[in-house]
J.: 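Could you have a look at this structure, given as structure tokens, before my questions?
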Number of protein chains: 2
Amino acid sequence: MKLTSGVEQAACIIVMLSTQAADIPVTSDVISERLGVSPSYLKKIMRKLVVRGLIKSVPGVNGGFVLAKTPACIPIIDLVDAIEGNEPIFQSTGLVRKAFGDIEVAEKGFLKFENIVNEAQEAFRAKLSDITVEKFLQETIDTNEIQVKDWNQKSDEDND
Amino acid sequence: MKLTSGVEQAACIIVMLSTQAADIPVTSDVISERLGVSPSYLKKIMRKLVVRGLIKSVPGVNGGFVLAKTPACIPIIDLVDAIEGNEPIFQSTGLVRKAFGDIEVAEKGFLKFENIVNEAQEAFRAKLSDITVEKFLQETIDTNEIQVKDWNQKSDEDND
DNA sequence: TCTTTTGTAGATAAAAGATATCCACTATCC
DNA sequence: GGATAGTGGATATCTTTTATCTACAAAAGA
């Protein structure tokens with residue numbers, strides 16, 4: 001029961017794109033260098049975010065990636081779902097039938113257990129649906145004005 | 001973000017011990033055969049449940065395993081914790097510093113993100129803390145009277 | 001239109017963790 | 001003291017995650 005490190009990578013990516021000057025795509029090479037992974041691997045991650053509808057890819061010269069929605073419309077759970085998928089956290093291997101036989105009460109107990117865990121997972125998801133990327137950024141920088149920059153510019157001032 | 005199959009195995013084990021005639025330990029060989037795993041592997045799982053304080057081991061002739069608490073005192077979360085441990089679901093690899101530099105706002109954002117996910121995990125755990133093994137069994141069998149048997153008896157009636 | 005720059009997709013390999021087993025050892029009951 | 005139970009270490013296998021390379025497709029711009 002761990003989130004993969006891909007979630008952390010996705011979070012960093014979304015933060016970059018959320019603070020990117022409007023209408024200027026960020027190239028994947030810039031991001032891959034920041035994250036310290038190969039361009040090809042970085043693109044795999046980006047692709048997941050594209051498929052999930054969080055970001056858009058812009059092909060061609062001066063292309064790259066931009067947010068597909070405003071940060072206010074991206075709940076944190078979307079990052080997790082994009083990387084991990086949103087499958088049930090508990091999936092049976094059919095062990096109950098093997099252990100107790102293919103009888104009604106076993107089947108019922110199995111479904112009940114599955115249900116209990118799924119409800120817990122729903123509570124987890126609900127918490128992460130409540131907070132958006134925008135809110136997360138605002139609370140981090142202690143202001144509602146999110147500064148933008150052009151991440152493509154290498155050493156504008158390498159902080160912030 | 002998946003629960004390991006060990007949780008399912010632990011659940012089956014606890015169900016067996018919860019329906020076991022009082023004061024008669026169930027041998028690990030009986031359980032390992034039911035679950036279809038090797039005796040040595042089954043004992044590893046049992047050990048985790050012992051360490052967590054859910055079951056007790058009884059060495060010697062006519063020994064085996066018995067519940068350490070009544071089913072009413074075992075919340076489902078204990079099964080998960082016993083097998084998976086209860087570490088934070090999100091653990092950073094230090095990527096934020098690599099990506100954004102070792103600056104204050106990055107550190108703060110990282111902690112904030114960690115906090116958000118941890119709170120979601122708490123919601124998950126709270127749900128599984130609310131329901132006990134006893135309640136789970138009662139709702140499965142539709143009665144408050146949990147029948148017991150001796151699982152060591154091979155084919156008493158191989159159902160239930 | 002053609003070249004360059006960008007993203008897309010498949011094959012593949014290395015690393016980590018989960019799953020599982022064997023065997024030697026220890027403790028306890030009878 | 002011998003048989004039967006659990007404990008612990010070393011180890012093998014399998015799956016998933018992480019990561020990379022290379023070939024390919026699409027679009028902007030000259």
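Below, each value reflects all heavy atoms present in this structure, side chains not excepted, and no hydrogens, waters or symmetry copies. A note on names: the letters A, B, ... follow the listed sequences, proteins ahead of strands, and every chain is numbered from 1.
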J.: Taking the nucleotide of DNA chain C with the nearest heavy atom to each, does A:G63 or A:K44 sit closer to the 5' end?
T.: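 Nearer the 5' end of the strand: A:G63.
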J.: Can you sort out the partners of B:F90 under ring-ring contact (aromatic ring centres under 6.0 Å, His included), two or more places apart, ordered by chain and number?
T.: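 ring-ring contact (aromatic ring centres under 6.0 Å, His included) list for B:F90, sorted by chain: B:F113.
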J.: Does the distance from a Lys or Arg side-chain N to an Asp or Glu carboxylate O, for B:K135 and B:D130, drop under 4.0 Å?
T.: no
J.: Would you indicate whether B:K108, at its atom NZ, is surrounded by more than 12 heavy atoms from other residues, nucleotides or ligands within a distance under 6.0 Å?
T.: yes
J.: Can you tell me the distance, in whole Å, between the CD atom of B:Q91 and the C1' atom of C:dA16?
T.: 14 Å
J.: Looking at B:Q9, I'd like to know whether one of its side-chain N or O atoms comes within less than 4.0 Å of OP1 or OP2 on C:dT19.
T.: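 No, outside the criterion.
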J.: Should B:T4 be listed as having a side-chain N or O under 4.0 Å from OP1 or OP2 of C:dG17?
T.: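 So the side chain of B:T4 is outside the cut-off, no N or O lying under 4.0 Å from OP1 or OP2 of C:dG17.
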J.: State plainly whether the residues B:E107 and B:R97 are in salt-bridge range, i.e. N to O under 4.0 Å.
T.: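 Salt bridge present between B:E107 and B:R97.
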J.: Anything under 4.0 Å to a heavy atom of chain B counts; send over the first and last such nucleotide of DNA chain D, read 5' to 3'.
T.: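 Contacts span D:dT4 to D:dG9, reading 5' to 3'.
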J.: Using a strict threshold of under 4.0 Å (side-chain N to carboxylate O), is an ion pair present between B:D81 and B:R52?
T.: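 Yes, charged N to carboxylate O under 4.0 Å.
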J.: Where the side chain of A:E8 meets the backbone of B:T93, is there a donor-acceptor pair that is under 3.5 Å apart?
T.: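 Confirmed, A:E8 side chain pairs with B:T93 backbone.
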J.: Between B:N62 (CG) and C:dC29 (P), how many Å, whole number?
T.: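 Those two atoms, CG and P, are 11 Å apart.
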J.: Does A:G6 or A:V58 map to a spot on DNA chain D nearer the 5' end, using the closest nucleotide for each?
T.: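 Looking at the nearest nucleotide for each, A:G6 comes out on the 5' side.
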J.: Listed in order of residue number, which residues of residues 36-43 of chain B have a non-hydrogen atom at under 4.0 Å from DNA chain C?
T.: B:V37, B:S38, B:S40, B:Y41
J.: To the nearest angstrom, how far is B:I83 atom CD1 from C:dG17 atom P?
T.: 18 Å
J.: Go through it in stages, so that I can follow the logic: the residues are A:E84 and A:T4, the test is side-chain hydrogen bond (donor to acceptor under 3.5 Å, both in side chains), and I'd like the CA-CA distance, side-chain angles, deciding distance and then a yes or no.
T.: CA-CA 7 Å; A:E84 307 252 335; A:T4 66; 3.0 Å; yes
J.: Is the closest basic N to carboxylate O distance between B:K127 and A:E122 below 4.0 Å?
T.: no
J.: Look at the side-chain N and O atoms of A:S57 and state whether any lies under 4.0 Å from the OP1 or OP2 oxygen of C:dT8.
T.: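 Indeed, a polar side-chain atom of A:S57 lies that close.
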J.: Rounded to whole angstroms, how far apart are CG on B:L35 and C1' on C:dA20?
T.: 13 Å
J.: With DNA chain D as reference, determine whether A:L3 or A:V61 sits nearer its 5' end, using the nearest nucleotide of each.
T.: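 Final value for this comparison: A:L3.
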J.: Using atom CZ of A:F65 as one end and atom C1' of C:dT5 as the other, report the distance to the nearest whole Å.
T.: 13 Å
J.: Once you round it to whole Å, what is the distance between P of C:dA9 and CD1 of A:I45?
T.: 16 Å
